[in-house]
Amino acid sequence: MTEHSPDSPAQRYDAALADSIETTWQQRWKEAGTYHTPNPAGPLTDGPTNGPADLAERPKLFIMDMFPYPSGTGLHVGHPLGYISTDVYARFKRMTGFNVLHTMGYDAFGLPAEEHARATGEHPRANTEVNIANMSRQLARLGLGHDDRRSIATTDETYYRWTQWIFSQIFNAWFDESAGKARPISELESEFETGLRETHVGPPWSALDDAAKRTLINQYRLAYVSEAPVNWCPGLGTVLANEEVTADGLSDRGNFPVFRRPLKQWMMRITAYAERLLADLDLLDWTDSIKTMQRNWIGRSEGAHVDFRVPTAADDSGEVATIRVFTTRPDTLFGATYMVLAPEHPLVDNLTTSAWPEGTKPSWTDGAATPAAAVAAYRAQSSQMTDLDRQENKVKTGVFTGSYAVNPVNDASIPVFIADYVLMGYGTGAIMAVPGQDERDWEFAEVFDLDIVRTVEPPADFDGDAYTGAGRAINSGFLDGMEIDDAKRAMIDHLVEIGAGESTVTTKLRDWLFARQRYWGEPIPIVFDADGNARSIPDSELPVNLPDLIDWAPRELDEDSEPEPPLGRATDWTTVELDLGDGLRSYKRDLNTMPQWAGSCWYYMRYIDPISDDVIANPVSEKYWMGGDNPEEGGVDLYVGGVEHAVLHLLYSRFWHKVLFDLGHVSTPEPFKRLINQGYIQAYAFVDDRGIYVEASDVVEVEGQYEFEGKRVERQYGKMGKSLKNSVTPDDMYRDYGADTLRLYEMFMGPIDQDRPWETKSVVGSQRLLQRIWRNLIDEETGELTIADVAVPDDLNRMLHRTIDAVRNDMNELSFNTSIARITELNNELTKLDGPTPTVVADALVRMIAPLVPHVAEELWSRMGHVDSVVYAEFPTADPALLVDDHVEIPVQIKGKVRSRITIAADADEESTKAAALADPRIIELLDGAEIRKVIVIPGKLVNIVA
RNA sequence: GCGGACGUGGCGGAACUGGCAGACGCGCCAGGUUUAGGUCCUGGUGUCCGAAAGGGCUUGGGGGUUCGAGUCCCCCCGUCCGCACCA
């Protein structure tokens with residue numbers, strides 16, 4: 001640790017003194033359990049030793065940080081920004097009468113530990129534990145007031161047991177559309193049993209054997225196995241959720257290519273919740289940008305299904321083939337001059353004719369001899385293309401299938417194409433093309449020489465192609481003359497009448513692909529019986545632990561390979577003897593693990609109660625901390641984390657929470673009431689002439705240029721981190737300044753939600769403030785207190801109370817940068833004072849800094865003679881009488897420009913203020929007898945004279 | 001292309017419902033303490049004109065509403081983020 005400079009005073013607040021103060025108090029807090037937060041019931045009802053007796057009876061406040069993955073590379077100063085913010089807020093709230101729950105856990109399953117294992121041979125669990133220990137140490141040194149009894153890791157057996165339990169809950173539930181909520185699967189069975197509900201196809205329930213019943217029931221479950229095109233990522237050896245694939249067709253993590261291929265996989269029926277996930281955003285105190293991102297991701301759109309018959313083709317059951325499309329513009333149906341199916345659409349084979357029909361235009365065939373050849377070639381070509389290729393190739397392509405469909409409103413015969421601009425993953429995978437009102441369809445129609453019929457009248461001056469704006473219907477039979485909304489309604493009514501369609505709602509959101517073919521995750525608590533039906537493992541048998549594997553890494557895989565779960569290699573483990581109600585039998589285990597999102601979907605529940613082993617969390621504590629008495633307003637009171645989780649984590653977590661809510665396990669419909677996205681810490685980075693990043697800390701500035709080892713380097717700017725080689729570690733800051741200075745600096749840099757540039761040279765400003773506060777209370781030579789019980793000068797007293805008022809407000813608004821500015825101003829006044837600092841001022845000052853810089857505040861508090869911790873001291877309250885001055889100085893403007901100032905009584909009325917302004921010598925001089933047209937007086941604020 | 005956020009000194013930023021733009025800090029300048037440097041202390045610091053008093057200009061650009069606009073409205077310009085052939 002840093003030594004005192006030999007000539008600096010013995011009791012100067014420098015890095016060495018800060019270090020000893022900080023480590024001392026961290027030890028004492030630990031011993032006293034200062035941050036132990038009492039639960040109202042069940043486990044953990046104890047508060048801190050010598051803490052407030054009434055803590056558990058106080059109003060609650062539940063504060064959370066998005067919990068981190070315990071990385072092996074350690075922290076840089078950007079990581080704890082959010083943690084410090086929540087800590088300051090939590091401490092402030094403790095001092096203003098709240099029982100505050102704040103702790104920290106680790107999202108410890110996941111790929112990096114597994115990759116590390118592959119590289120080093122070290123078991124992921126061992127590596128994970130080392131990383132957690134290191135990260136805990138770095139965070140503890142910051143003095144965060146976490147209740148460490150509640151710290152959890154998703155890899156704890158006592159934790160993932162409940163992650164698996166939730167999976168079982170979801171598996172054993174179905175979504176009742178009429179009730180709009182999930183219900184236990186047993187209720188579905190009894191509805192079938194009693195005949196209340198009919199099996200939708202095939203024989204009645206009573207005619208089914210057990211296996212057939214299970215197969216039927218499985219189709220309803222919220223967690224289900226389906227064979228569907230999935231995102232296969234050979235580079236990671238696993239399949240991925242849609243949300244984990246970028247627009248470029250690469251994996252979110254690692255940037256590996258992702259391929260679409262059909263596979264049997266676990267899915268979660270999140271689409272059933274789309275409406276509620278959308279509607280309940282209104283209950284939340286989140287930023288508009290995050291809400292918008294969620295809305296866009298869910299992508300709800302209202303429209304209609306329309307069925308087009310193809311008289312010349314049959315579907316697989318021998319009926320006349322019908323192409324169902326989704327459209328948001330049923331009003332334009334008269335302008336539908338052709339149709340397009342996605343190349344992967346299941347009807348394509350049925351529609352593809354053996355020969356080109358009469359009237360086929362040459363451009364429709366792509367030069368192929370038959371439709372079958374053209375379709376096969378086109379499908380092969382489009383399946384090779386990545387999403388990126390598709391984006392780059394904006395020219396419309398496609399081929400004719402040889403079939404014609406019938407437009408249900410005018411019986412027109414319209415050609416059916418396949419083209420890759422129609423996506424199988426949205427709507428029905430087929431469209432009616434209306435080139436007159438859709439730009440994409442217009443482009444396609446131009447390339448393939450198809451008819452274009454306008455069905456909405458464009459304005460007279462419109463000279464574009466497709467017209468998508470408002471207007472009256474034309475060329476549309478019974479719709480002619482109607483505005484779009486009326487025409488939509490009329491058309492839907494008509495479609496219903498003729499049995500060719502209905503109104504419907506489509507979402508972009510797809511069901512959540514939940515299985516991963518990796519080792520280091522929660523095993524899915526499912527076994528398969530001899531009939532191949534999935535059965536959940538009874539709660540009493542949980543957790544399902546991972547087998548000990550020597551060879552856990554995925555094998556080298558290529559695009560054509562099958563995903564191969566590593567768990568399949570644990571041959572002893574893959575089969576299990578269980579009694580699932582019909583005697584002891586042998587079952588095959590599910591070999592997949594859960595995605596990393598699973599553990600982070602519900603961790604707030606175990607923060608509330610990490611101990612109970614008979615329930616997921618004690619229900620009384622759950623209701624207390626989540627605010628279940630007022631469900632609509634309930635949820636975690638403050639959740640702080642990075643904006644990168646705007647869709648993935650926050651959508652999955654809300655979904656799980658809603659299922660648990662429907663099943664009665666939680667008391668609120670939403671998990672996180674208020675969400676704030678903290679900004680990132682950015683820093684300068686430097687590249688040499690080869691374009692390679694050099695260690696930023698070794699770059700020197702020479703005459704406005706930057707040099708690394710004597711060579712010119714170019715300065716850039718970006719998010720702090722390993723890849724830009726511009727990290728600054730908190731350990732260096734503890735050594736050079738102390739944790740309190742680091743905390744203060746990070747909070748002073750700017751508003752919580754804004755990115756900010758790190759400048760190590762500026763940290764000294766925050767240290768100076770602490771030094772000056774220290775010097776105002778402590779003699780630097782002797783260490784004696786320099787405060788005294790003297791009267792506070794009136795001016796200082798008023799300033800003190802104005803400061804208290806402002807700081808209280810600002811802290812409540814999480815505006816810590818302005819709080820610190822106000823505290824600085826007060827302290828600057830104290831510095832100017834002749835003589836000792838009045839005790840009342842010192843007392844308030846220490847209380848006010850306590851949330852920001854808890855160690856030095858605690859030290860000063862203790863030196864001032866207090867035995868109890870400052871952590872639960874009361875935050876000062878301003879005396880309203882001292883916030884108003886008897887006299888105020890206000891500006892006098894002439895035509896909006898400040899020309900003079902007058903001092904008037906604070907409660908002076910309009911008349912007397914006006915008189916005082918007009919009597920001011922300076923004003924008289926400047927007006928110079930000019931005619932006064934108007935005088936605006938804002939009492940107590942200003943006077944504006946219009947002359 | 002669509003959607004969202006934002007633009008204030010050399011830098012980070014402040015300014016409640018329209019009412020003294022630039023709080024607070026970094027940096028810089030000057031002075032003091034010190035053997036010197038650093039630390040520490042005091043003062044100054046948007047910009048232009050002026051010796052000063054004082055005045056002009058100024059919140060990305062342009063227009064508007066208003067006695068008064070960083071703040072409200074319209075049109076541009078720029079930066080960042082999300083989505084992207086979504087029917």
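Just so it is clear: chains get the letters A, B, ... in the order the sequence lines come, proteins before strands, and each one is counted from 1.
- Straight-line distance from the CG atom of A:L833 to the C1' atom of B:U42: 16 Å, rounded to whole Å.
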Fill in: Protein proximity profile, nucleotides 19-27 of chain B - base contact B, sugar-phosphate-only contact S, no contact -, cut-off 4.0 Å on heavy atoms
BB--BBSSS
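- Of the candidate nucleotides B:C85, B:G56, B:C40, B:G56 has the atom nearest to the side chain of A:R899.
- The phosphate of B:G82 has neither OP1 nor OP2 within less than 4.0 Å of any side-chain N or O from A:R295.
- Heavy-atom contacts from other residues, nucleotides or ligands closer than 6.0 Å to CD of A:E829 number more than 12.
- Map A:M749 and A:D288 each onto its nearest nucleotide of RNA chain B; the residue landing nearer the 5' end is A:D288.
- Of the N and O atoms on the side chains of A:Y378 and A:T397, at least one donor lies less than 3.5 Å from an acceptor on the other residue.
- Base orientation of B:G56: anti, since the glycosidic angle falls outside 90° of 0.
- Listed by chain and number, the residues in a salt bridge (Lys or Arg N to Asp or Glu O under 4.0 Å) with A:E446 amount to none (sequence neighbours excluded).
- The P atoms of B:G4 and B:C72 are separated by 16 Å, rounded to the nearest whole Å.
- There is a side-chain donor-acceptor pair under 3.5 Å between A:T818 and A:S815.
- Spacing between atom CH2 of A:W286 and atom C1' of B:G82 amounts to 15 Å, rounded to whole angstrom units.
- Here B:C16 presents its P atom at 15 Å from CG of A:D805, a figure rounded to the nearest Å.
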Worksheet, complete the sentence: Per-residue pairing states of RNA chain B in dot-bracket (Watson-Crick or G-U under 3.5 Å; . unpaired, | other strand) read (((((((..(((......[....)))((((((.......))))))((((....))))..(((((..]....))))))))))))....
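- Comparing the C1' positions of B:C73 and B:A52 gives a spacing of 44 Å, expressed to the nearest Å.
- Distance noted for atom C1' between B:G78 and B:U59: 16 Å (whole Å).
- Residue contacts for A:Q754: at a heavy-atom cut-off of 4.0 Å it reaches the sugar-phosphate backbone alone, with no base atom in range.
- Atom name P, nucleotides B:A84 and B:A69: the rounded distance is 44 Å, in whole Å.
- Distance, A:L648 CG to B:C83 C1': 13 Å, rounded to whole Å.
- When rounded to the nearest whole Å, the span between NZ of A:K396 and P of B:A87 equals 14 Å.
- Rounded to a whole angstrom, the distance from the P atom of B:A21 to that of B:G46 is 14 Å.
- Set against B:C40, B:G3, B:U42, the side chain of A:T292 has B:G3 as its closest nucleotide.
- Just one residue in the list A:Q682, A:M749, A:E746 forms a side-chain contact (heavy atoms from CB on, under 4.5 Å) with A:R756, and that residue is A:M749.
- Here the P atom of nucleotide B:G12 and the CG atom of A:L81 are 17 Å apart, to the nearest Å.
- Nucleotides B:U39 and B:C20, compared at atom P, are 37 Å apart to the nearest Å.
- Checking B:C85, B:C83, B:C40 against the side-chain heavy atoms of A:K508 singles out B:C83 as nearest.
- Across the protein-nucleic acid pair, A:R12 atom CZ and B:C40 atom C1' stand 5 Å apart, rounded to whole Å.
- Put simply, CG on A:L423 is 10 Å from P on B:A84, counting in whole angstrom units.
- The nearest pair of heavy atoms linking A:A274 to A:L509 is CB-CD2, 4.2 Å.
- Residue A:N809 is out of contact with every strand shown, counting any heavy-atom pair closer than 4.0 Å.
- Taking 4.0 Å as the cut-off between side-chain N and carboxylate O, A:K832 and A:D795 do not count as a salt-bridged pair.
- B:G12 sits 24 Å from B:U17 when the P atoms are compared, rounded to a whole Å.
- In this structure, of B:G3, B:C40, B:G43, it is B:C40 that holds the atom nearest to the side chain of A:R775.
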Worksheet entry | Trace of the side-chain contact (heavy atoms from CB on, under 4.5 Å) decision for A:T455 with A:D331 | CA-CA 8 Å; A:T455 58; A:D331 61 299; 5.7 Å; no
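- Separation of the A:F444 and A:F417 ring centroids falls under the 6.0 Å cut-off.
- Between A:Y684 and A:F686, the ring planes lie tilted relative to each other; the angle falls in the 30° to 60° range.
- Counting non-hydrogen atoms under 4.0 angstrom, A:T428 reaches nothing in the nucleic acid.
- With respect to A:E825 and A:R802, no salt bridge is recorded, no charged nitrogen being found less than 4.0 Å from a carboxylate O.
- Toward the 5' end of RNA chain B, the nearer of the two residues A:P751 and A:S289, judged by each one's closest nucleotide, is A:S289.
- Comparing the C1' positions of B:G62 and B:C48 gives an interatomic distance of 23 Å, to the nearest angstrom.
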